[in-house]
Structure formats: C-alpha cells, structure tokens
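Order of the sequence lines fixes the chain letters, A, B, ..., with proteins taken first and strands second; residue numbering starts at 1 for each chain.
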Number of protein chains: 2
Amino acid sequence: MAPDRRKMIVEAATKSFSLFGYKATTMDQVARLANVGKGTIYTFFKNKEELFEEIISTLVKEMIAEAEAVIQPGLPITENVHRGLFRILEFRSKHQLMIKLVQEEAEMGTLAVSEMLRHVEDEIIAYLKNKLDTAISKGSIPSMDTELTSFLLLKMYIALIFDWEKNHEPLSSDQIAQIMKVFLLRKLPN
Amino acid sequence: MAPDRRKMIVEAATKSFSLFGYKATTMDQVARLANVGKGTIYTFFKNKEELFEEIISTLVKEMIAEAEAVIQPGLPITENVHRGLFRILEFRSKHQLMIKLVQEEAEMGTLAVSEMLRHVEDEIIAYLKNKLDTAISKGSIPSMDTELTSFLLLKMYIALIFDWEKNHEPLSSDQIAQIMKVFLLRKLPN
DNA sequence: CTTTGACCAATTTAGTTTTTTGGTCATTTT
DNA sequence: AAAATGACCAAAAAACTAAATTGGTCAAAG
C-alpha cells in the first residue's frame with residue numbers, strides 16, 4: 001500500500017492555502033504537512049503556481065457540481081439559472097479557500113491570486129454561457145449574445161450580493177430572481 | 001488686488017492631486033505651488049482631507065454638469081439616462097484627477113482615496129435616482145425601486161465599459177443603450 | 001527509478017536610523 | 001487687529017541594512 005504521494009501533496013496544499021493563503025504557504029510547509037520530501041512535490045508539479053492551478057481547477061469543478069445539484073430539469077430555465085448562480089456565489093462566499101483568496105487579493109494584491117480569481121470568474125461565465133446556449137436552442141429563451149449576457153448576469157449577481165449589502169438591506173432570493181428574469185426574457189443585442 | 005488665497009490653494013492642490021495623487025501630494029508642496037505660507041492653508045481647511053473633499057465636491061459638480069449638458073428634453077428618458085451615464089463615465093475615464101485617483105486606489109489602496117471614490121459613486125447614484133423618480137412621476141417609465149435600479153445601472157455601465165473590454169471587443173454606444181432599455185422599461189421589484 | 005533534504009541564489013522580513021510629513025503657533029506683515 | 005507666515009515638533013514614512021526565509025535544484029540514498 002504505497003501511499004499516494006501526489007494526493008497527499010494536493011491535500012496538504014489545499015489545507016494550507018485555505019488556512020494561510022497563497023503567499024504565506026511555503027513549499028516546505030506543504031512537504032511537511034504531506035509527509036513528503038520537498039523535492040517530491042517538484043516531481044508532480046513544475047512549481048508552486050502549477051500546484052495552485054491544480055487546486056483551483058478542482059475547486060471550480062466542485063463549484064459547478066454544486067450548481068448542477070440544485071438545478072432541476074422540470075423548472076423553467078430562468079429559475080434554474082438563478083438557482084445555479086446563486087449556489088455558485090454562495091459556495092464562493094462560504095468555501096474557506098475562496099474566502100482566504102478573496103481576502104488575500106484585497107489586502108495584499110498577490111498577483112498569482114488575482115489571476116486565479118479571474119480565471120475562476122471566466123470559468124463560471126463559460127459554464128453559464130453553455131447553459132444559455134442550450135436554452136436558446138431549445139427555444140426556452142430568445143436568442144441573444146450569450147457571452148455578454150453571462151458576463152452581465154455574473155457581474156450583477158456579484159454587485160447585488162456583495163456590494164449592495166454594504167449600504168442596504170440584503171435582497172431576498174426572490175428579488176434577485178426577478179431581476180435576472182428581466183435579463184433572460186428580453187432580447188439583448190447580438 | 002489682494003490675491004484670492006483660498007482659490008490659489010484649491011487650484012494648486014487640484015493640480016498636485018491630479019499629477020501625483022493624494023498621498024504623494026504634500027501640504028508643503030501645495031503651499032509652494034499656491035505661493036502661500038503653509039499655515040494659510042489651515043485657515044481655510046481643517047486638514048488635508050477636508051481640502052481633498054472640497055476638490056472632489058467640485059469635481060462631482062462638474063461631472064453632473066457634463067451629464068446635464070448632453071441631456072435633451074425632447075428625447076425619451078431611456079436615451080437621456082444612457083447619454084448622461086455614458087458622459088459621466090467618459091468624464092471619469094478622461095479626467096486627469098479621476099484617472100490618478102483610480103490608479104492610486106488600485107496600486108496603493110490609499111484609504112482616503114477609496115472613501116472618496118465611493119462617495120463619488122454614491123453621488124452619481126443619487127443623481128440618477130433623482131432622474132428616475134422624476135420620470136416615474138411623469139409616467140415615462142413604470143414604477144420601480146429607483147435606488148436599486150440606479151445602483152444596478154451604474155454597476156452595469158462600469159462593468160460594460162471597463163471590465164468587458166479587458167477580454168472582448170468594446171461595445172458600441174448603441175449596444176449599451178439597448179441593454180439599459182431592458183432595465184428601464186421593465187418593472188423591477190419594489 | 002523514485003524519493004529525499006542539504007544547499008543556494010534570490011527574495012522577504014525585521015530592526016534600525018534617517019527623512020519627510022501633517023499640523024501648530026509664536027512671530028511678522030499688512 | 002487681522003491675516004499670513006514658516007520654523008518647529010511629534011508622528012509617520014522611507015531608506016537602509018542585516019538576518020532569515022523561500023522556491024527551486026540536484027547529488028546522494030533508498
């Protein structure tokens with residue numbers, strides 16, 4: 001039963017990134033936590049950033065699995081887009097690694113972290129766009145620029161959930177759902 | 001012909017803030033540029049931040065004057081809101097002081113600057129809300145939550161004009177106008 | 001062939017000194 | 001007397017330095 005070193009490394013790194021952030025996580029620490037020599041890490045990953053990438057990639061997959069889990073085929077597409085997006089942003093604001101990374105970007109502006117968060121955003125938009133394209137081909141919503149719409153939907157959700165609350169009473173899930181419908185049921189330029 | 005010292009101070013400070021940003025502008029420099037003893041500044045302004053506030057307040061007034069200048073009473077409200085907002089964001093992205101402040105916030109995170117930019121945003125939203133309230137009372141657009149709508153409109157504009165361009169071809173003014181119409185002509189929850 | 005940790009250049013941090021800064025106020029100018 | 005000034009000060013920031021840490025390598029061990 002040779003231990004799966006790669007897996008141990010990824011688990012150790014995930015834990016450390018979640019706890020201390022990207023910058024404050026040292027490769028020595030990851031090696032120690034993973035019960036592995038430091039050099040071993042470099043047989044699986046070219047460098048620290050690539051290890052980080054693998055972890056974020058897993059996180060994005062989890063995120064999308066979460067979204068898929070709340071989507072119900074019987075419901076209208078507008079409701080499902082809302083549920084999925086809402087779940088993704090909930091995930092984003094509850095998941096320890098995400099919390100830590102967002103915090104690190106805000107207060108230290110670590111470059112690798114900014115790039116990774118941007119990448120996550122792009123993945124969410126791509127996922128959303130895919131859903132919209134399918135819905136259009138099925139005739140559930142009018143044809144539109146799905147790239148632009150996905151982009152706007154995500155930006156709006158982020159603004160409504162994270163920025164609006166800084167000055168106002170939080171919006172109910174229903175209110176947010178209504179706002180989104182305005183977008184999906186009207187034709188946007190394409 | 002006693003020189004208007006207050007005015008000279010404000011002009012010198014505006015120039016210096018625009019050129020070097022808030023932090024890098026020293027009160028000594030402002031005094032020198034204004035041909036005034038340093039103590040004189042403090043007979044007009046309680047401190048550096050209050051001087052900054054006065055300048056930003058003037059800038060907001062200019063901004064709104066710019067918006068008013070492109071608004072034409074004959075046009076539909078949706079067109080006018082688009083014109084005004086577009087002009088405001090154009091101003092924001094062209095005006096030297098604004099450019100410098102946005103840059104300073106991004107790369108140094110100066111607290112006083114963040115607060116001031118937030119304040120500017122709030123003023124724009126308040127201006128917009130006022131326009132929408134008037135339009136509703138005249139029956140030009142359906143009744144809606146104007147605070148929320150103004151907030152969303154501004155956030156969307158910023159996303160479309162500044163964020164979208166990072167990955168995509170810039171949108172035409174017409175495209176942006178269309179997106180905005182979707183918002184103004186449909187009832188949002190209130 | 002895989003794994004390792006001592007090793008190294010390069011970067012970061014911590015500790016210290018020096019300089020600069022916002023703001024005051026006794027003195028000067030008008 | 002009222003307004004304006006700039007030398008002055010405590011506090012904050014910048015510059016400098018020494019010390020410690022880091023990501024990554026590689027010869028040796030397993």
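- Side-chain contact of Ser18(A) with Lys100(A): a donor-acceptor pair under 3.5 Å is absent, judged by distance alone.
- Of the listed residues (Lys46(A), Lys7(A), Arg6(A), Lys48(A)), just one forms a salt bridge (charged side-chain N to carboxylate O under 4.0 Å, His left out) with Glu54(A), and that residue is Arg6(A).
- Classification of Lys61(B) and Glu68(B) as a salt-bridged pair fails, no side-chain N sitting under 4.0 Å from a carboxylate O.
- Of the residues in residues 34-50 of chain B, those lying under 4.0 Å from DNA chain D by heavy-atom distance are Val36(B), Gly37(B), Lys38(B), Gly39(B), Thr40(B).
- The one candidate from Val113(A), Leu117(A), Leu111(A) that meets the side-chain contact (heavy atoms from CB on, under 4.5 Å) condition with Glu115(A) is Leu111(A).
- Aromatic ring pairs are classed by plane angle as parallel below 30°, tilted from 30° to 60° and perpendicular above 60°; the pair Tyr157(A) and His82(A) is tilted.
- One interatomic measurement links the two molecules: CZ of Arg32(B) to C1' of dG22(C), which rounds to 14 Å at whole-angstrom precision.
- Taking only side-chain nitrogens and oxygens, Arg5(A) never comes nearer than 4.0 Å to OP1 or OP2 of dT2(C).
- Of the N and O atoms on the side chains of His119(B) and Glu123(B), at least one donor lies less than 3.5 Å from an acceptor on the other residue.
- Salt-bridge annotation for Glu121(A) and Arg118(A): absent, with no side-chain N of the basic residue lying under 4.0 Å from a carboxylate O of the acidic one.
- Position along DNA chain C of the nearest nucleotide to Met27(B) versus Lys23(A) favours Lys23(A) as the more 5'-ward residue.
- First and last contacting nucleotides of DNA chain D toward chain B (any atom under 4.0 angstrom from a heavy atom, 5' to 3' order): dA4(D) to dA14(D).
- Looking at Asp28(A) and Arg32(A), no side-chain N of the basic residue comes within less than 4.0 Å of a carboxylate O on the acidic one, giving no salt bridge.
- Rounded to whole angstrom, the span from the CD1 atom of Ile9(A) across to the P atom of dG5(C) amounts to 13 Å.
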